[in-house]
2 protein chains.
Amino acid sequence: MATIYDVAALAGVSPATVSRVLNGRAVSPDKERSVTEAARTLNYTPNRVARTLRRQLSEVVALVIPDIENPFFTSLARGVADTAQEAGYSVVLCNTDGDVDKEQHFLDIALSENMAGVVLAPAASTSVAQPLLDRGRAVVAVDRPVPGANVDSVVIDNVGAGRLATRALWDAGFRKIACITGPSEIVTAVDRGRGWAQVLDEISAAPPGMHFLAHADFRVGGGRARMAELLELASPPDAVVAGNNLVGVGALQILNERGISPAEFGIAVIGDLPFSAHSEDAVPVVHLPTRTMGTTAGALLLERIDGHQGPGRRVVIPGELRTPVPDPAAAR
Amino acid sequence: MATIYDVAALAGVSPATVSRVLNGRAVSPDKERSVTEAARTLNYTPNRVARTLRRQLSEVVALVIPDIENPFFTSLARGVADTAQEAGYSVVLCNTDGDVDKEQHFLDIALSENMAGVVLAPAASTSVAQPLLDRGRAVVAVDRPVPGANVDSVVIDNVGAGRLATRALWDAGFRKIACITGPSEIVTAVDRGRGWAQVLDEISAAPPGMHFLAHADFRVGGGRARMAELLELASPPDAVVAGNNLVGVGALQILNERGISPAEFGIAVIGDLPFSAHSEDAVPVVHLPTRTMGTTAGALLLERIDGHQGPGRRVVIPGELRTPVPDPAAAR
DNA sequence: AGCCTGTCAGAAATCGATTTCAGGAGCAAG
DNA sequence: CTTGCTCCTGAAATCGATTTCTGACAGGCT
């Protein structure tokens with residue numbers, strides 16, 4: 001592995017001059033030429049570890065997410081990666097499995113690896129990014145806010161998304177609309193449930209006492225379990241709002257297994273159904289622009305890395321209702 | 001940020017002693033105590049960059065994959081991450097988008113960041129890991145072999161998977177079985193197609209000239225396009241083998257859009273259908289144990305990092321046919 | 001007592017880049 | 001001709017850990 005000293009020796013200059021050439025500082029044209037030539041013949045690549053040690057900041061940003069197998073987060077990851085790589089940063093993806101300890105571990109590593117910044121999709125409301133902020137590192141929260149600290153955040157309009165989904169079902173003629181959302185510790189889950197409740201409250205025609213709100217974990221299994229329970233009720237609902245994409249998948253599985261069509265039992269999903277093999281599903285979906293969330297978070301992070309100061313900014317991104325085409329034959 | 005010098009000063013010892021304590025070398029009990037205490041009061045965390053520079057090897061391994069949004073690779077990623085983190089390594093996930101230049105870029109970074117090793121799912125057969133190997137870095141290929149070099153690799157038995165899928169359709173009574181596999185440059189795609197062709201050749205009863213082999217990109221769009229074309233043929237097949245999970249999703253979408261059930265037109269998929277909302281699909285699937293691939297690759301990598309020498313090992317993992325339960329009502 | 005061995009701890013070198021500092025050359029103005 | 005300035009360049013310090021080298025000291029043996 002050639003070092004800057006080897007290049008300097010071959011080019012007949014000092015290492016300082018080589019460094020200057022590499023970093024585009026003023027150097028006489030002839031030395032510049034001999035340095036670049038020497039670098040090429042030696043196939044020299046600067047050692048990023050040494051550079052990071054000296055500069056005290058690496059050209060790496062971390063993206064910390066709770067579930068790498070959820071398309072919601074991988075799509076987000078692509079967005080972050082796009083903007084970051086555009087600006088010359090590498091993105092390292094860290095999967096916490098929703099485990100706060102693992103998350104803390106990754107944040108510690110980001111700190112001691114001198115990473116330039118972190119985009120954090122917090123596992124819980126107790127997530128602590130303060131040590132990073134104290135050291136002046138850039139931090140952006142995404143999907144869920146980081147508590148307390150004045151950190152930039154990019155979040156979905158979850159209440160609005162809950163409203164859209166619920167109203168879509170109401171407009172389709174369903175009258176006993178349940179909701180399966182995520183754990184009550186997760187603010188996004190709670191907010192989506194609030195949106196659902198708001199709509200039902202506003203619609204005076206809604207029969208009282210028809211408010212079935214179920215909390216599942218935000219996974220397929222959770223959706224299945226709660227959905228199955230709803231169907232067992234003595235006086236079951238006639239439609240359901242699924243709090244996220246995976247819960248939606250689980251709920252749909254149950255319905256399909258029992259041969260219940262979306263026309264009989266309404267279902268609307270907050271978040272995009274991943275890799276749906278059935279485009280005729282007739283399921284209204286609140287599309288969440290995850291990739292945009294990612295690029296936005298990336299952009300905010302880059303601004304912070306470039307020295308932007310000031311209080312935490314908050315970008316709220318709305319969901320977008322997508323109702324299925326009424327006639328399946330019209331789909332191409 | 002406290003450094004080792006701060007700890008040394010507070011503990012009244014030399015930095016060398018602090019380092020020894022931190023790395024579990026023999027030190028007198030009293031100094032050991034004062035060092036650990038000083039470290040705690042200063043909330044000291046070793047700077048990994050400095051350590052990496054001196055040690056010439058970081059505690060980070062890279063996982064380079066072509067498509068982070070494909071569940072096949074995210075599941076693989078979990079496997080790698082599990083084993084690596086178990087051994088104290090952080091995993092950085094790099095998405096190449098199937099772009100050889102991006103891949104090369106990531107490999108260069110792995111080199112200049114002094115990463116301990118790389119698990120590489122190559123984007124193309126031209127992928128070059130030689131610079132890493134020349135520098136003694138650990139490299140393991142996964143999903144597809146890396147050409148030339150004697151690198152460890154963990155791959156699916158793709159021919160066998162193709163055979164399983166094809167035979168499942170034949171056994172179900174289909175007689176004109178087409179195949180939509182991936183690009184002809186991708187060896188996994190070609191091998192799955194070969195398995196399909198083998199079975200058809202072996203079955204003497206198969207009508208000659210009935211070998212529809214289509215190449216798609218390994219994405220949903222590719223599966224849709226080729227599937228639609230197959231159905232337009234003057235003398236269309238009556239079943240199809242989908243070369244990977246996403247092609248399978250695309251093909252199923254077309255079938256569902258046209259109201260064709262898997263009973264009328266057979267389909268078998270190589271790879272697991274992601275997040276299927278329809279568990280009653282009656283689609284035979286060749287399950288590919290991706291997570292196991294990941295853990296295996298991780299284990300091989302760790303052995304190499306720990307100094308294992310010798311020629312490239314090759315682990316071939318078989319797929320496993322999973323046929324749907326005949327009676328949907330039996331599913332719970 | 002004298003010698004040898006082994007253990008522990010500090011001083012200093014080291015990893016490979018960047019950056020500060022200081023000096024020398026060249027040029028313009030006084 | 002001198003002063004003052006800019007522009008290049010190299011020597012050396014620096015980032016923060018690890019590791020080698022060296023010396024001090026204790027204990028065992030003849």
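In the text below, chain A, chain B and the rest are named by the order of the sequence lines, each starting its count at 1.
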Asks: Between A/T52 and A/S58, do the side chains contain an N or O donor and an N or O acceptor separated by less than 3.5 Å?
Replies: no
Asks: With a 4.0 Å cutoff (strictly under), does any side-chain N or O of B/R55 reach OP1 or OP2 of D/dT18?
Replies: yes
Asks: Nearest to the side chain of A/L53, heavy atoms from C-beta on, is which of D/dA17, D/dT9, C/dG16?
Replies: C/dG16
Asks: Would you tell me if any nitrogen or oxygen in the side chain of A/Y44 comes within less than 4.0 Å of OP1 or OP2 on C/dA17?
Replies: yes
Asks: Answer yes or no: does a side-chain N or O of B/T52 lie under 4.0 Å from OP1 or OP2 of C/dC15?
Replies: no
Asks: For A/R219, does the CZ atom have more than 12 heavy-atom neighbours from other residues, nucleotides or ligands under 6.0 Å away?
Replies: no
Asks: Tell me: CZ of A/R48 to P of C/dT18, nearest whole Å?
Replies: 12 Å
Asks: Would you say CD of A/Q56 has more than 12 non-hydrogen atoms from neighbouring residues, nucleotides or ligands within 6.0 angstrom?
Replies: yes
Asks: Which part of the nucleic acid, if any, lies within reach of A/V49 when heavy atoms closer than 4.0 Å are counted: base, sugar-phosphate only, or nothing?
Replies: nothing
Asks: Report the residue from A/V128, A/D108, A/T96 that forms a side-chain contact (heavy atoms from CB on, under 4.5 Å) with A/E103.
Replies: A/T96
Asks: Might you work through the salt bridge (Lys or Arg N to Asp or Glu O under 4.0 Å) test for B/E32 and B/R25, ending with a clear yes or no?
Replies: CA-CA 10 Å; B/E32 159 134 26; B/R25 299 273 226 287; over 6 Å; no
Asks: Both A/Y5 and B/D30 contact DNA chain C. Taking the nearest nucleotide for each, which residue is further toward the 5' end?
Replies: B/D30
Asks: Any side-chain N or O of B/Q56 less than 4.0 Å from the OP1 or OP2 oxygen of C/dT14?
Replies: no
Asks: Just distance, no hydrogens or angles: give the donor-acceptor pairs under 3.5 Å from side chains in residues 135-142 of chain A, sequence neighbours left out.
Replies:
{"residue": "A/R135", "atom": "NH1", "partner": "A/P131", "partner atom": "O", "Å": "3.3"}
{"residue": "A/R137", "atom": "NH1", "partner": "A/A110", "partner atom": "O", "Å": "3.4"}
{"residue": "A/R137", "atom": "NH1", "partner": "A/L111", "partner atom": "O", "Å": "3.4"}
{"residue": "A/R137", "atom": "NH1", "partner": "A/M115", "partner atom": "O", "Å": "3.2"}
{"residue": "A/R137", "atom": "NH2", "partner": "A/L111", "partner atom": "O", "Å": "3.2"}
{"residue": "A/R137", "atom": "NH2", "partner": "A/N114", "partner atom": "OD1", "Å": "3.3"}

Asks: Both B/R54 and B/S28 contact DNA chain C. Taking the nearest nucleotide for each, which residue is further toward the 5' end?
Replies: B/S28
Asks: Does the D/dT18 base have a donor-acceptor partner in the side chain of B/R51 within less than 3.5 Å?
Replies: no
Asks: Using heavy atoms and a sub-4.0 Å distance, could you list which residues of residues 14-25 of chain A are near DNA chain D? By number, please.
Replies: A/S14, A/A16, A/T17, A/R20
